[in-house]
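For the single chain, residues carry numbers from 1 onward in sequence order.
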Amino acid sequence: MPNKPMGRRVAAVALLVLLLAVPAAWAQNTGAQSPAGLLRIGTGGQSGTYFPIGNLIARAVSETPLGAGCAAADARDGRCGLPGVVAVAQTSNGSVANVAALQNGEIEMALVQADVADWAYNGKEIFAGKPPQDRLRFVAHLYSEAMHVVTRRAARINALAGLRGRTVAMDEPGSGTLVHVRNLLRVYSLSESDLKPVYIKPDLALPRLQADQLDVFFIVAGWPTRAVSDALAGGQASLLGIDAEAANRLIRQNPFLSYGSIPANAYPGQPAVTTLMVGAQLAVRADLPDDLIFAMLEAMWGPRGGAILAGGHPRGSDIRFDAALTGRSIPLHPGAERFYRARGLITN
């Protein structure tokens with residue numbers, strides 16, 4: 001009978017050896033001045049869209065065994081992906097927390113809402129009066145995400161103005177969702193003191209809603225997102241739309257927002273729902289080597305990377321090269337600029 005604790009220790013040591021070898025391998029393969037072999041990707045909670053999309057990006061970038069998804073021309077020593085690099089998606093509290101982690105050097109890459117990236121770099125809104133997050137650099141627009149307002153059917157909430165006195169999960173501090181919920185409440189002349197707010201992730205909100213301990217939870221994510229799918233599948237919840245007048249008041253204050261719809265049947269049997277939209281972007285630290293970012297984008301936007309993204313999640317097929325520079329308001333990483341110029345997306 002194998003010794004399970006010993007097996008875990010051996011596996012841990014093997015992983016450590018791999019990670020210690022990675023920076024040296026990257027330096028040897030690319031001649032990069034600042035070896036960076038481990039790419040930690042800040043995402044969001046496991047019930048949202050950032051985490052699965054971050055995992056797909058990690059798969060596209062990392063070395064993986066040669067298989068059907070890797071063309072022979074792309075293979076290096078029987079493997080494909082970026083040589084000498086291991087990318088890992090990490091759960092987090094979301095966009096605001098990801099920006100702080102990039103600035104502090106705790107991660108190398110992150111998924112971030114477009115407006116949060118702009119606020120952070122330029123010291124605006126929730127970042128006003130704080131040091132600018134000047135290590136933040138843009139590499140790609142990914143897709144548009146939507147504000148989901150999930151209500152307990154038995155609570156009979158037919159409009160956002162009816163949230164007064166209700167128990168509402170607003171997401172955790174450090175999430176982009178919490179920023180938008182607070183802004184949205186102000187449009188309806190509400191504040192957190194008018195509600196019974198709970199600051200938890202949607203995956204923790206779902207069981208409370210199912211147990212009739214919660215009336216509403218919010219999540220800004222691409223569709224379909226797991227927490228919403230699970231809530232709607234049980235028949236106890238429904239999606240609440242945001243009216244055009246309230247949405248447009250917010251859009252006038254925030255040019256990164258737009259008004260759109262979660263399409264019909266994005267969740268089985270659900271009609272289209274109008275709501276707020278915001279771009280999801282991939283950002284990196286400014287100090288990452290140019291050659292590393294160039295190679296990372298080459299892997300991500302290559303045929304194999306595209307197949308991994310499109311086949312791994314419904315929103316993956318919305319990640320398109322021709323829209324890669326959409327909504328950028330922070331500096332482009334030099335390695336990304338070189339890549340997009342080489343591919344003709346930047347011409348001036």
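- Between R186 and R249 there is no side-chain heavy-atom pair separated by less than 4.5 Å.
- At a threshold of 4.5 Å between non-hydrogen side-chain atoms, the residues V179 and W119 count as touching.
- The OG1 atom of T91 sits 10.0 Å away from atom CG of N55, with the distance rounded to the nearest 0.5 Å.
- One hydrophobic cluster holds both I293 and Y121 under the rule that ILVMFWY side chains link at heavy-atom gaps under 4.5 Å.
- Side chain to side chain, Y50 and Q113 fail the donor-acceptor criterion of an N or O pair below 3.5 Å.
- A donor-acceptor pair under 3.5 Å is absent between the side-chain atoms of T347 and the main chain of G344, judged by distance alone.
- Looking only at distances, no side-chain donor or acceptor of R153 sits under 3.5 Å from a matching main-chain atom of A155.
- V116 and L142 end up in the same hydrophobic cluster when Ile, Leu, Val, Met, Phe, Trp and Tyr side chains are linked at under 4.5 Å.
- In plain terms, the two heavy atoms of L250 and V187 that are nearest each other are CG-CG2, 3.6 Å.
- Checking H180 against D115 by side-chain atom types alone, a donor-acceptor pair falls below 3.5 Å.
- Once rounded to the nearest 0.5 Å, the distance linking CD1 of I53 with CZ of F51 reads 12.0 Å.
- When all heavy atoms of S329 and F256 are compared, the pair lying nearest together is OG-CZ, 3.4 Å.
- You'll find the side chain of R40 stays beyond 4.5 Å of the side chain of M109, heavy atoms only.
- One hydrophobic cluster holds both V85 and F294 under the rule that ILVMFWY side chains link at heavy-atom gaps under 4.5 Å.
- Remark: the backbone N or O of I107 is paired with a side-chain donor or acceptor of R285 at under 3.5 angstrom.
- Looking at N93, its side chain never comes within 3.5 Å of a backbone N or O of A97 through a donor-acceptor pair.
- To the nearest 0.5 Å, atom CE of residue M277 and atom CD1 of residue I242 are 9.5 Å apart.
- Within a 6.0 Å radius of NZ in K124, more than 12 heavy atoms belonging to other residues, nucleotides or ligands are found.
- Judged by distance alone, with hydrogens and angles left aside, the side-chain atoms of S62 form no donor-acceptor pair with the main-chain N or O of V86 at under 3.5 Å.
- Side-chain atoms of Y143 and H313 form no donor-acceptor pair, as typed in the model, at a separation below 3.5 Å.
- Counting only residues at least two apart or on different chains, the side chain to side chain donor-acceptor pair (under 3.5 Å) pairs with a member in residues 213-231 are R152-D215.
- Hydrophobic clustering of Ile, Leu, Val, Met, Phe, Trp and Tyr side chains at less than 4.5 Å, counting indirect connections, keeps L178 apart from L204.
- A salt bridge links D322 with R320: the distance from a Lys NZ or Arg NE/NH1/NH2 to an Asp or Glu carboxylate oxygen falls below 4.0 Å.
- Taking the side chain as every heavy atom from C-beta outward, F218 and D171 never approach each other to under 4.5 Å.
- Listed by first and then second residue, the side chain to side chain donor-acceptor pair (under 3.5 Å) pairs involving residues 330-340 are D291-R338, W301-Y340, E337-R341 (not counting sequence neighbours).
- For D243 (side chain) and A246 (main-chain N/O), a donor-acceptor pair under 3.5 Å exists by modelled atom type.
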Apply the test side chain to side chain contact (heavy atoms under 4.5 Å, CB included) to residues I251 and L276: give CA-CA distance (whole Å), side-chain angles for both, the deciding distance (0.1 Å), then the verdict.
CA-CA 9 Å; I251 291 167; L276 289 163; 4.2 Å; yes

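- Linking Ile, Leu, Val, Met, Phe, Trp and Tyr whenever their side-chain heavy atoms come within less than 4.5 Å leaves L160 and V198 in two separate clusters.
- Looking only at side-chain heavy atoms (C-beta outward), L325 and F138 come within less than 4.5 Å of each other.
- For Q90 (side chain) and V88 (main-chain N/O), no donor-acceptor pair under 3.5 Å exists by modelled atom type.
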When you look at E298 and R343, which way does the salt bridge (Lys or Arg N to Asp or Glu O under 4.0 Å) test go after all the steps?
CA-CA 10 Å; E298 200 168 38; R343 297 299 184 275; 3.1 Å; yes

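- The side-chain heavy atoms of V284 and L102, taken from C-beta on, include no pair separated by under 4.5 Å.
- Considering all non-hydrogen atoms of both residues, A60 and M300 come closest at CB-CA, 4.4 Å.
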Give the C-alpha distance, both sets of side-chain angles, the deciding distance and a yes or no for side chain to side chain contact (heavy atoms under 4.5 Å, CB included) between L111 and T49.
CA-CA 10 Å; L111 279 74; T49 312; over 6 Å; no

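- Under a 3.5 Å cut-off, the side chain of S92 and the backbone N or O of G94 do form a donor-acceptor pair.
- Here the shortest heavy-atom pairing between Q281 and A117 reads OE1-CB, 3.9 Å.
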Would you sort out whether I41 and V61 count as a side chain to side chain contact (heavy atoms under 4.5 Å, CB included), showing the intermediate values?
CA-CA 11 Å; I41 306 174; V61 171; over 6 Å; no

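- Considering only heavy atoms from C-beta on, F127 stays 4.5 Å or farther from N122 through its side chain.
- In this structure, OG on S317 lies 10.0 Å from CG on L309, to the nearest 0.5 angstrom.
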Going through the checks in order, is the ring pair (Phe, Tyr, Trp, His ring centres under 6.0 Å) test met by Y267 and H148?
CA-CA 12 Å; Y267 299 96; H148 295 68; 5.7 Å; yes

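- Under a 3.5 Å cut-off, the side chain of N104 and the backbone N or O of A101 do not form any donor-acceptor pair.
- The shortest side-chain heavy-atom distance between L39 and L292 falls under the 4.5 Å cut-off.
- Across every non-hydrogen atom of G54 and T43, the tightest pair is CA-CG2, 3.9 Å.
- In terms of modelled atom types and a separation under 3.5 Å, the side chain of N248 and the main chain of A244 share a donor-acceptor contact.
- Rounding to the nearest 0.5 angstrom, the gap separating the OG atom in S191 from the CG atom in D194 is 4.0 Å.
- Listed here is the closest heavy atom pair of T275 and Y259: O-CD1, 3.3 Å.
- With values rounded to the nearest 0.5 angstrom, L240 atom CG is found 11.5 Å from M147 atom CE.
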